[in-house]
2 protein chains.
Amino acid sequence: MSLRHAILGLLTFEPMSGYTLKSRYFDKSVAYFWPADQAQIYRTLQALEADGAVSSETVENDKRPNQKQYSITGAGERELREWLAAIHPPVTQKDGFLVQLYFARMLSRHQILRVLQAQRDTHRQLQDHFDNLVLPAADTATMKRQVRFGGLTLDYARRREKMLVEWLEACIAAVQEWPEQESI
Amino acid sequence: MSLRHAILGLLTFEPMSGYTLKSRYFDKSVAYFWPADQAQIYRTLQALEADGAVSSETVENDKRPNQKQYSITGAGERELREWLAAIHPPVTQKDGFLVQLYFARMLSRHQILRVLQAQRDTHRQLQDHFDNLVLPAADTATMKRQVRFGGLTLDYARRREKMLVEWLEACIAAVQEWPEQESI
DNA sequence: TTGCAATATATGTAGAATCATATATGCATC
DNA sequence: GATGCATATATGATTCTACATATATTGCAA
């Protein structure tokens with residue numbers, strides 16, 4: 001249940017509406033490690049408000065529809081800090097591509113290579129994206145500190161994509177080397 | 001929805017009961033990339049049977065409770081092959097640990113290091129586990145081919161754990177270097 | 001003026017995942 | 001005889017996730 005905590009964390013930057021959370025964060029940076037759709041964000045905000053972890057205030061806009069501005073409360077900040085400091089049991093990540101590769105003996109070499117190359121191309125693009133991504137400049141001390149930790153997660157994304165591209169290249173080379181056989 | 005296809009794939013090895021699927025595969029090898037609990041496996045088998053992708057037969061046991069042996073059908077094999085050969089859109093993996101690290105500016109240095117070191121220890125153990133893991137010997141041609149692809153996914157696990165340990169070490173070093181500040 | 005895009009919030013529904021619990025057999029152990 | 005464990009299947013309940021759809025405002029372009 002990290003969506004709850006991701007939202008609480010983002011609200012420590014500044015009070016925000018659900019729309020801003022989505023368009024500024026869940027469509028960009030946070031998307032890499034915790035994607036969430038609009039419906040989920042709005043419902044989680046409602047749940048957080050019901051629990052007293054956030055409070056809301058309607059902001060009237062001239063040129064745009066009114067917003068519900070959410071702020072983190074003291075209780076919300078306590079909950080967040082507690083979660084952040086806790087050692088959580090490792091959660092195994094589900095990876096459909098590994099399922100695909102694991103049973104790839106059922107495919108022809110041509111089919112296997114097609115799937116592997118598509119995957120490699122995807123991760124090459126991601127690698128390119130993260131290698132060219134520049135961290136935003138920070139104005140306050142808090143945000144300077146924030147950018148440091150953002151840098152650590154960016155470093156992870158770069159290492160991960162590099163590893164994936166290398167591994168996929170090795171897979172492609174291996175499959176090309178193996179003798180073609182009955183696919184079963 | 002890869003649980004469905006993981007089960008279909010495993011049933012290409014041999015007909016199996018839900019219990020065997022769970023204890024022999026989903027508690028071991030498959031667990032690394034597609035963990036599933038017992039309830040889910042049994043319910044997915046029921047759904048697969050309702051769809052005609054698998055068929056079942058009750059096997060009477062003397063010393064143990066009777067089993068429901070599931071076999072993949074022609075329709076199931078077609079569905080599996082189609083899914084295996086398809087290029088699926090990349091699914092972003094949710095990673096709660098990255099959420100934790102991203103907002104770690106709210107913690108003290110001591111708390112951050114504690115969390116990072118626990119994570120590093122976990123992945124060191126996994127690294128050790130995968131580095132010492134030996135692929136099973138294969139008897140038939142099909143299983144020899146299977147072991148090759150199992151080797152590719154094992155290679156992934158090793159590379160991934162190596163990358164994670166290196167990255168976590170770098171994170172720990174970076175945090176130790178940074179000046180201690182107000183945590184906010 | 002009609003229609004479209006961006007902004008903004010909300011709900012309905014279905015599927016997937018998790019956790020707990022229920023039932024039953026046979027075996028070993030206390 | 002009671003207890004616990006491994007084997008074996010099933011269901012109830014809840015949460016999480018995803019996808020679709022509904023509603024409303026403003027600005028802009030065809």
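Labels below follow one simple rule: chain letters A, B, ... track the order of the sequence lines, proteins then strands, and each chain is numbered from 1.
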One should read off an interatomic distance between B/Q119 CD and A/H88 NE2, to the nearest 0.5 angstrom, of 10.0 Å
Parallel, tilted or perpendicular: which describes the rings of B/F97 and B/W167, with under 30° parallel and over 60° perpendicular? perpendicular
Using side-chain heavy atoms (C-beta onward) and a distance below 4.5 Å, is A/F103 in contact with B/L8? no
Inspect the contact between B/R124 and B/D128 and indicate whether a charged nitrogen and a carboxylate oxygen are less than 4.0 angstrom apart. no
Using 30° and 60° as the class limits, which term best fits the ring planes of A/F33 and B/Y102: parallel, tilted or perpendicular? tilted
Integer-rounded Å distance: D/dC19 C1' and A/K22 NZ: 12 Å
Reading DNA chain D from 5' onward, which residue's closest nucleotide shows up sooner: A/S2 or B/N66? B/N66
Rounded to the nearest Å, what distance is computed from the CZ atom of residue B/R24 to the P atom of nucleotide D/dA6? 17 Å
Is B/R160 salt-bridged to A/D95, cutoff N-O under 4.0 Å? no
Nucleotide D/dC16, atom P - distance to CH2 of A/W34 in whole Å: 10 Å
OH of A/Y19 versus P of D/dT23: gap in Å, rounded? 20 Å
Taking heavy atoms of chain A and a 4.0 Å limit, find me the 5'-most and 3'-most nucleotide of DNA chain C within that range. C/dT7 to C/dT18
Looking only at heavy atoms, the pair that brings B/Y70 and B/G18 closest together is CD1-N, 4.4 Å
Would you classify A/S23 as touching base, sugar-phosphate or nothing, given that sugar-phosphate means primed atoms plus P, OP1 and OP2, and contacts are heavy atoms under 4.0 Å? nothing
Numerically ordered, the residues 36-51 of chain B set in heavy-atom contact under 4.0 Å with DNA chain D is B/Q38, B/A39, B/Y42, B/R43, B/Q46
Can you name the nearest heavy-atom pair linking B/E161 to B/H123, along with the distance? OE1-ND1, 2.6 Å
